[in-house]
Amino acid sequence: MSGTSTETAAINSISKEEMDKRFDPAGYEQVWQRRWAEKGYFKAEAPSAKPSYCIMIPPPNVTGKLHVGHALQSSIQDLLTRWRRMQGFNALWLPGTDHAGIATQLMVERQLATEGTSRRELGRELFLDRMWQWTEQYHGNIREQLDLLGASCDWTRERFTLDAGLSRAVREAFVRLYREGLITRGEYMVNWSPKLGTAVSDLEVEAKTVQGKLYYVAYAVEGSDERIVVATTRPETMVGDTAVALHPEDERYTHLHGKAAVLPLVGRRLPFVADTAVDRELGTGLVKITPFHDPNDFEMGKRHDLPGITVIGLDGRMTAEAGPGFAGLDRFEAREKIVERLRDEGYLIKIEPHTHNVGHSQRSGEPIEPIVSTQWFCDVRSMADQALAVVRDGRVRLIPDSWDKTWEHWLTTIKPWCISRQLWWGHQIPAWYTEDGRCIVAHSLEEAIAEAGTDRLTQDPDVLDTWFSSGLWPFSTLGWPDDTQDLRTFYPTDVLVTAFDIIFFWVARMVMDGLHFMGDVPFRAVHLTGLVRDAEGQKMSKTKGNVMDPTELISEYGADALRFTLASLDSPGRDIPLNRDQIAGYRAFGNKLWNATRFALSRIPAEARVRETIDPEGLAAPERWILSRLSRVAAEVDARFETFRFDEACNRLYHFFWGDFCDWYIELSKPALSGEAPRPRVGDVLLTVLDRALRLLHPVMPFLTEELWQRLPGHEAIHSETICLAPYPRREEGWEDDVAEAGMEALTQVVTRVRALRTEMGLPPKAKLDLHLNAADSGTGRLLQEQSALIQFLTR
RNA sequence: AGGCCCAUAGCUCAGUUGGUUAGAGCGCUACGUUGACAUCGUAGAGGUCAGCGGUUCAAGUCCGCUUGGGCCUACCA
């Protein structure tokens, strides 16, 4: 509690002291963040008489560090939450973190390696202890960083995907899907990552175009002198061949039907099989079939009832089945060795360069090995159909909707999802095996024992894919499977804000799970943001060294400037080039807010106050005009927030404040405030417009607006404690005044024209001139006449 | 191989359902500092809206093609 006394001093200083000429975000940002938290302004209610508004944070990696992409998404989520909260909604932004299975386990494994040990050496239990230690050590970082950004999360509802409640939800979901027959265990071909030692899903495989080789190998035809030639990119798999395929209508090879080839080096008999999947144009039109090491061959093997042989093991090395001379070799060494033997024995016809796509492990970067193994699968077909339906009928809106087609394509072609991982960090699969090999799926060991009739059970060692638990996030975080008050209050949630790159990993699965388990969509809209890039539009990456750290940007420019920048760059369907000049520009905007407030506070009459509302009756044209403009901007900003056009909303706020308010209204108020040319209620109007402008800006720039708003005399009339809970300004139709706007338009044009003439004629800015105006019509003439003092003031 | 997106000022981008003279920020030029703000003010320069064709009274905007970028999906040995 060492910081308490200084904090109190800082809080006391707010709104009392003379304002500095320059604003300093570091001086108040975290003071306010702490105070808001202490006051509990962001705690949502359940139940509540107010309408609910809910956003679930896309949970970042619990041990991770927030990057600018997180800063972007968090800024948008906070903007929406603060906006709705001010509008009187019972707003919940639920924070939390993800255990991020492979990623986090790898970090700890790397650390163990530096200590000269490994997870295998430690054993599962000790290793998991280390994982939890690691998790606890870094867990606070995410909150710290969100606090720096000004996030208005409800931390009393924070969740972690591995906490007790969410783990229970995971087991419940697994058991239900198993009992519905949608989760099954079986031996299939999976994407295997030898380095990671685990199966991964199709999504975790990245196709990379590589320069490979196409090897042409001669196979003898059984019972004849004929030799046929097959082409392959992976000669090392040939020792696992069990057939040779040809196209049924390929006239070159009709004589081979019913015959067999002989596998070089091994001597195995390989029947010819006819299959239309064979491409006659490619290679020689004859394909070697290795059912256990190629996804196509696996399918073909099933169609023709071919046996499979596992010649590459889970460690990426050749098995004993590969035969003497190859067993134990790494798969790529084996390739060289086998090609060498083929050449030596005269089977190698030729080698051609060949460009093709090879699946690589997204996480480890190595080529994926298609391997047959026993895994758990989730058949998502029926769930996918439901997810298709809700996007088609608009119950879930993707924003921008250009993603609809991608959604459609992926979900219509979706295949069973391999959900088991050979890792330790994650939700262990709730399946137990009896000694006689029965498999019991249950919520708990106790339930499994009861069902099995024995306590001699072994739990399946595998854990679930991280995304299995993430898919449940919108309702597991609210207490599901129990029927909780939170669940009833906040589900379905309103908006999901996330980057497009996890639309399949996560968004689609939440929609499927939400519909399946809750019978309703998890959110009504998905705002998909672009990728944050550097100033040159390059992807940020550690290797390029162009990564921008949000924490550092905040300390340099302030959180409000970063937030404003990110929000104003968030145009639909576009990536976001972030450059420091722009952030600096919005920091200058902050300075503008600061100094406009400073001006108002130093010049208004003592009795001036922020008013809840103002009757324009009896006000002069400049006052009528600024109130009219304010009303229109409030309406526009509201409409833009509704449609997720944060860029346009920010733009309008920026131009209203800097252009209308500072460049014109403040200038116009000067002669009135100084007493040279008094006008009615100028002080009240100035403060009231400032109050509303700050409130309009609050969702984007929470810290500065609070800091300034607290200083406005009479702000308590709007809310007794904080701008965070003050009402969001709406349109005031009674303020909208076409006559005043037209009149001011004429005035500003006159002023601008005079200034331009002065420059064109090379007249010194201070030289006083005579100005004669001829109005085109009497109305304008009268107005300009009325405002002649102002015109003189602005044009000298 | 399919699909999606993009091309507008020196740079990064807006530009709604087609409708006056295409906008902003940064950068640039000139001038300006004792009274909110130099993180500023005033004025200004700068665009064949990638190219070609079409629809229309009217196209940056709609349609087709071309070129040049980017991304996603995909089992071609």
Side-chain angles (χ1 to χ4, degrees), chain A residues 19 21-23 189 202-203 207 212 214-215 230-235 237 245 277-279 281-290 294-300 354 356-357 359 370 400 402-406 408-410 413 415 500-501 503-504 530-531 533 535-537 539 557 561 565 568-569 571-603 639-640 643 645 647-648 650-651 654-655 658-659 662-663 666-667 669-670 674 751-760 762-766 794-795:
Chain A
M19 290 175 73
K21 250 174 103 166
R22 295 179 165 204
F23 88 129
M189 176 149 286
D202 294 345
L203 285 173
L214 195 56
Y215 302 84
V230 300
T232 179
T233 55
R234 298 201 59 195
T237 64
V278 176
D279 183 345
E281 308 302 317
L282 199 75
T284 58
L286 290 169
V287 195
K288 65 190 245 357
I289 301 300
T290 318
D294 182 280
N296 294 314
D297 294 6
F298 185 75
E299 291 306 313
M300 206 175 293
H354 184 67
H356 61 141
N357 295 321
S402 49
W403 289 101
D404 287 6
K405 278 193 180 173
T406 310
E408 189 78 20
H409 178 254
W410 190 71
T413 58
K415 283 183 286 185
F500 65 83
D501 55 344
I503 188 166
F504 305 134
L531 212 63
R533 296 169 174 275
E536 278 77 47
K539 225 175 196 169
Y557 302 99
T565 307
S568 65
L569 288 173
S571 299
R574 274 204 98 104
D575 282 345
I576 294 162
L578 185 61
N579 76 75
R580 287 169 176 274
D581 287 347
Q582 198 154 11
I583 311 175
Y586 290 121
R587 178 181 56 187
F589 179 59
N591 194 54
K592 197 75 180 172
L593 293 183
W594 178 270
N595 277 294
T597 306
R598 198 161 78 95
F599 166 82
L601 296 180
S602 66
R603 299 295 201 80
R640 296 312 187 282
T643 51
R645 289 307 304 263
D647 56 336
E648 292 185 350
C650 287
N651 229 304
Y654 183 95
H655 286 107
W658 203 311
C662 293
D663 291 345
I666 283 187
E667 293 309 316
S669 74
K670 284 178 180 174
S674 69
V751 171
T752 304
R753 190 68 204 122
V754 171
R755 285 168 175 168
L757 280 170
R758 192 188 275 277
T759 307
E760 282 164 28
L763 297 168
K766 283 179 183 169
L794 293 171
T795 60

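Protein chains get the first letters and strands the later ones, always in sequence-line order, with residue 1 at the start of each. What you see is a predicted model; the values in this text were computed from it and never measured.
No close placement of the A/Y557 and A/Y586 rings is indicated, their centers lying 6.0 Å or farther apart.
Across all their heavy atoms, A/G285 and A/V278 have their closest contact at O-CG1, 3.5 Å. Shown here for A/D294 and A/N296, the closest heavy-atom pair between the two residues is OD1-N, 2.8 Å. Nearest heavy-atom pair across A/D575 and A/R533 is OD2-NE, 2.7 Å. For A/C662 against A/A596, the heavy-atom pair with the smallest separation is SG-CB, 3.9 Å. A/L578 and A/T565 make their closest contact through CD1-CG2, 3.7 Å (heavy atoms, listed as atom of the first residue, atom of the second, distance). When all heavy atoms are compared, the tightest approach of A/T237 to A/R234 is OG1-O, 2.8 Å.
On the C1' atoms, B/rG3 is 27 Å away from B/rU17, given to the nearest whole Å. Here the separation of B/rA22 from B/rC76, taken at their C1' atoms, is 49 Å to the nearest Å. Annotation: B/rG68 and B/rG51 have their C1' atoms spaced 11 Å apart (nearest Å). Rounded to whole Å, the C1' atom of B/rC26 lies 24 Å from the corresponding atom of B/rA50. Rounded to the nearest Å, the gap between the P atom of B/rC71 and that of B/rA24 is 32 Å. Using atom P as the reference point in both B/rU33 and B/rC37, the two lie 14 Å apart (nearest Å). Taking atom P in both B/rU48 and B/rC11, one finds a spacing of 13 Å when rounded to whole Å. When the C1' atom is compared between B/rC40 and B/rG35, the two are found 14 Å apart, to the nearest whole Å.
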Problem set entry | Dot-bracket summary - RNA chain B, pairs being Watson-Crick or G-U whose distances fall under 3.5 Å, with | when paired to another strand | (((((((..((((.....[...)))).(((((.......))))).....(((((..]....))))))))))))....

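Across the protein-nucleic acid pair, A/R598 atom CZ and B/rU39 atom C1' stand 13 Å apart, rounded to whole Å. Between A/M19 atom CE and B/rG35 atom C1' there is a gap of 16 Å when expressed in whole angstrom units. Put simply, CH2 on A/W594 is 14 Å from P on B/rC37, counting in whole angstrom units. The NZ-P distance, from A/K592 to B/rA38, rounds to 9 Å in whole Å.
When heavy atoms are screened at a 4.0 angstrom cut-off, A/E408 is found touching no nucleic acid atom at all. Residue-level contact check: A/R22 touches the bases, meaning some heavy atom is under 4.0 Å from a base atom.
Considering CZ of A/F599 and CE of A/M19, their distance stands at 13.0 Å, rounded to 0.5 Å. For the atom pair CD1 (A/I503) and CZ (A/F500), the distance works out to 9.5 Å, reported to the nearest 0.5 Å. From A/T233, atom OG1 reaches atom NE2 of A/H354 across 6.0 Å, with rounding to the nearest 0.5 Å. A/R587 contributes atom CZ, which lies 10.5 Å from atom CZ of A/R580 (distance to the nearest 0.5 angstrom). The structure places CG of A/D202 at 10.0 Å from OG1 of A/T413, a figure rounded to the nearest 0.5 Å.
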Every protein N/O lying under 3.5 Å from an N/O of nucleotides 15-20 of chain B:
unit_1 : atom_1 : unit_2 : atom_2 : d
B/rG15 : OP1    : A/R645 : NH1    : 3.3
B/rG15 : OP1    : A/R645 : NH2    : 3.0

Sub-3.5 Å pairs of nitrogen or oxygen atoms, protein against nucleotides 5-10 of chain B:
unit_1 : atom_1 : unit_2 : atom_2 : d
B/rC6  : O3'    : A/R574 : NH1    : 3.4

Return the polar atom pairs (N/O with N/O) between nucleotides 21-27 of chain B and the protein under 3.5 Å, or none.
unit_1 : atom_1 : unit_2 : atom_2 : d
B/rC26 : O2'    : A/D581 : OD2    : 3.4

For this session: Mind running side-chain hydrogen bond (donor to acceptor under 3.5 Å, both in side chains) on A/S571 and A/D647 for me, showing each step along the way?
Result: CA-CA 6 Å; A/S571 299; A/D647 56 336; 2.8 Å; yes

Exercise. Do A/T290 and A/K288 pass the side-chain hydrogen bond (donor to acceptor under 3.5 Å, both in side chains) test, and can you show the C-alpha distance, the side-chain angles, and the key distance before you say yes or no?
Worked result: CA-CA 7 Å; A/T290 318; A/K288 65 190 245 357; 2.8 Å; yes

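At least one donor-acceptor pair closer than 3.5 Å links the side chain of A/N595 to the backbone N or O of A/K21. The backbone N or O of A/K405 lies less than 3.5 Å from no partner atom in the side chain of A/H409, so there is not a single donor-acceptor pair.
Residue A/S568 is the one, among A/S602 and A/S568, whose nearest nucleotide of RNA chain B lies closer to the 5' end (criterion: closest heavy atom).
For B/rU39, neither phosphate oxygen OP1 nor OP2 lies less than 4.0 angstrom from any side-chain nitrogen or oxygen of A/R587. Not one side-chain nitrogen or oxygen of A/K21 sits closer than 4.0 Å to the OP1 or OP2 atom of B/rU33.
You'll find that the side chain of A/K405 is closest to B/rC4, out of B/rA38, B/rA43, B/rC4.
Taking the side-chain contact (heavy atoms from CB on, under 4.5 Å) definition, one finds that A/A639 meets it with nothing, sequence neighbours left out.
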Seminar exercise, completed: Each nucleotide of nucleotides 69-77 of chain B classed B (base within 4.0 Å of a protein heavy atom), S (only sugar-phosphate) or -, in 5' to 3' order, makes ----SBBBB

